[in-house]
Colleague: 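Before I ask anything, let me first share the structure, which is written out below as structure tokens.
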2 protein chains.
Amino acid sequence: MGGQQWNPYVRDCPTRQLLDRIGDRWTVLVIGALGDGPRRFSEIAHRVDGVSQKMLTQTLRALERDGLVTRTAYPEVPPRVEYELTELGTTLREPLKALEDWATAHMGGVLDSRRRADQPADAGSSR
Amino acid sequence: MGGQQWNPYVRDCPTRQLLDRIGDRWTVLVIGALGDGPRRFSEIAHRVDGVSQKMLTQTLRALERDGLVTRTAYPEVPPRVEYELTELGTTLREPLKALEDWATAHMGGVLDSRRRADQPADAGSSR
DNA sequence: CTGAATCCGTATCGATACTG
DNA sequence: CAGTATCGATACGGATTCAG
């Protein structure tokens, strides 16, 4: 199996499905936060700055559903729940890392370009 | 100047900025469609299945603003406009390709897991 | 601590009609 | 052909409240 050559233009190719899946605000960040081992709910919440409790829960549920993360609840009081990347989830970290590296290297240039484009007038006057 | 170590958890790290930028439905696909050379507006529209005129325009404008794509209008009748990845835009293709490859290899498994998780009842009966 | 449920503003996007 | 403008649905996500 496999070997089917998808071009990423067609509606339900894997690329689109992946984009639909990780193209929200938090999924990629949560996967990143789980990159170095299992983490508790509150640890993830603390690491992923700005995520609300609702969105974190929702994101983790979706990741679990898709087999990218496992959820382990310990029957204690107070409750402790740990999330961990599955093997599959771990394999996703590499391409994500490539993206992070690109961002670190090049986003500055992107923002510069954006700022330049946002100069309303010609702005050549100052040089 | 380089060397600053961002962790992808903090609010305005490059990773988040990139995600905010490419985390929409079309940007990644449009970059993909421009991967093998300059393309006309209508060519891109045809390649990126399902994109509306509005969203394609909007996406291309944003890419241009960010220095990832150049726009060249030829003063002809009828008009011809070509879009092409800049050098910077081209560098983004590599990590994006890594993501596409992951999708091709693993999205099937993800969808399987999702389908399994969506079985309402225990469904263990069939084994 | 973990998480479900609700309310609600807003950003996103698709469809459609119109223009040079 | 390559856009622009407008409208409306709805999905996304933040704040808050309640519960085991």
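Computed from a predicted structure; not experimentally measured. We name chains A, B, ... by the order of the sequence lines, and we start the count at 1 in each one.
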Colleague: I'd like to know if the side chain of A:R47 reaches the main chain of A:A33, judged simply by a donor and an acceptor atom lying under 3.5 Å from each other, with no hydrogens or angles considered.
Modeller: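 Confirmed, A:R47 side chain pairs with A:A33 backbone.
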Colleague: Taking CG from B:L56 and P from D:dC1, how many angstroms apart are they, rounded to a whole number?
Modeller: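 After rounding, the gap between these two atoms is 14 Å.
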Colleague: What would the secondary structure line of DNA chain D be in dot-bracket form, counting Watson-Crick and G-U wobble pairs under 3.5 Å, with [ ] for pairs that cross earlier ones and | for pairs with another strand?
Modeller: ||||||||||||||||||||
Colleague: What's the CD1-C1' distance between B:I44 and D:dA2, to the nearest Å?
Modeller: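 The answer, rounded to whole Å, is 11 Å.
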Colleague: Are the side chains of A:R80 and A:E82 in contact, using a 4.5 Å heavy-atom criterion?
Modeller: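 Yes; the side chains approach each other to less than 4.5 Å.
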Colleague: Hey, does the side chain of A:T57 come within less than 4.0 Å of C:dG3's phosphate (OP1/OP2), counting only N and O?
Modeller: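 Indeed not, no polar side-chain atom of A:T57 lies that close.
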Colleague: Using a strict 4.0 Å threshold on nitrogen-to-oxygen distance, state whether A:R115 and A:D112 make a salt bridge.
Modeller: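 A:D112 and A:R115: salt-bridged.
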Colleague: Quiz question: by atom type and distance under 3.5 Å, do the side chains of A:T27 and A:D24 form a donor-acceptor pair?
Modeller: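 Indeed, the side chains of A:T27 and A:D24 share at least one donor-acceptor pair under 3.5 Å.
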Colleague: Just by distance, no angles: are the side chains of A:Q53 and A:T57 close enough, under 3.5 Å, to form a donor-acceptor pair?
Modeller: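 Yes, side-chain donor-acceptor contact under 3.5 Å.
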Colleague: Ignoring hydrogens and angles, does a donor from either the side chain of B:Q53 or the base of D:dA5 sit under 3.5 Å from an acceptor on the other?
Modeller: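 Donor-acceptor pair under 3.5 Å: no.
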Colleague: May I ask you to decide if B:W26's main-chain N or O and B:T59's side chain share a donor-acceptor pair within less than 3.5 Å?
Modeller: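 Checking the backbone N and O of B:W26 against the side chain of B:T59, no donor-acceptor pair under 3.5 Å is found.
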Colleague: Let me know the distance between CG of B:D20 and P of D:dG13, rounded to the nearest Å.
Modeller: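 In whole Å, D:dG13 P lies 10 Å from B:D20 CG.
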Colleague: How many whole angstroms separate atom CD of B:E64 from atom C1' of D:dG3?
Modeller: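 Those two atoms, CD and C1', are 13 Å apart.
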Colleague: Does A:Y83 place a side-chain N or O at less than 4.0 Å from the phosphate oxygens OP1/OP2 of C:dG3?
Modeller: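 True: A:Y83 side-chain N/O within range (under 4.0 Å) of C:dG3 OP1/OP2.
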Colleague: Applying salt bridge (Lys or Arg N to Asp or Glu O under 4.0 Å), can you list everything that pairs with A:R25, at least two apart in sequence or on another chain?
Modeller: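 A:R25 satisfies salt bridge (Lys or Arg N to Asp or Glu O under 4.0 Å) with B:D20 once adjacent residues are dropped.
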Colleague: Figure out the CZ/P separation between A:F41 and C:dA4, and round it to whole Å.
Modeller: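 Atom-to-atom, A:F41 to C:dA4, this comes out as 9 Å.
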Colleague: Any donor-acceptor pair under 3.5 Å linking the side-chain atoms of B:R71 with those of B:Y83?
Modeller: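 Note: B:Y83 and B:R71 side chains meet the donor-acceptor criterion.
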Colleague: What is the distance, to the nearest angstrom, from the CZ atom on B:R39 to the P atom on D:dA2?
Modeller: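 Atom-to-atom, B:R39 to D:dA2, this comes out as 13 Å.
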Colleague: How many Å lie between CD on B:E82 and P on D:dA2, as a whole number?
Modeller: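 After rounding, the gap between these two atoms is 9 Å.
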Colleague: Any idea which of C:dA4, D:dA2, D:dG14 is nearest the A:W26 side chain?
Modeller: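 Closest nucleotide to the A:W26 side chain: D:dG14.
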Colleague: In this structure, how many angstroms lie between the P atom of D:dG3 and the OH atom of B:Y74, rounded?
Modeller: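 Going from OH in B:Y74 over to P in D:dG3 covers 13 Å.
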Colleague: Check nucleotides 6-12 of chain D for protein N or O atoms closer than 3.5 Å to its own N or O atoms and list the pairs.
Modeller:
none

Colleague: Please compare A:R61 and A:P79 by the position of their nearest nucleotide in DNA chain C and report the one closer to 5'.
Modeller: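 The residue whose closest nucleotide sits nearer the 5' end is A:P79.
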Colleague: Sub-3.5 Å donor-acceptor pair from the side chain of B:E43 to the main-chain atoms of B:R40, do we have one?
Modeller: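 A pair under 3.5 Å: yes.
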Colleague: Please check the phosphate of C:dC1 (OP1 and OP2 only) for any side-chain N or O of A:R40 closer than 4.0 Å.
Modeller: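 For C:dC1, OP1/OP2 do not have a side-chain N/O of A:R40 under 4.0 Å.
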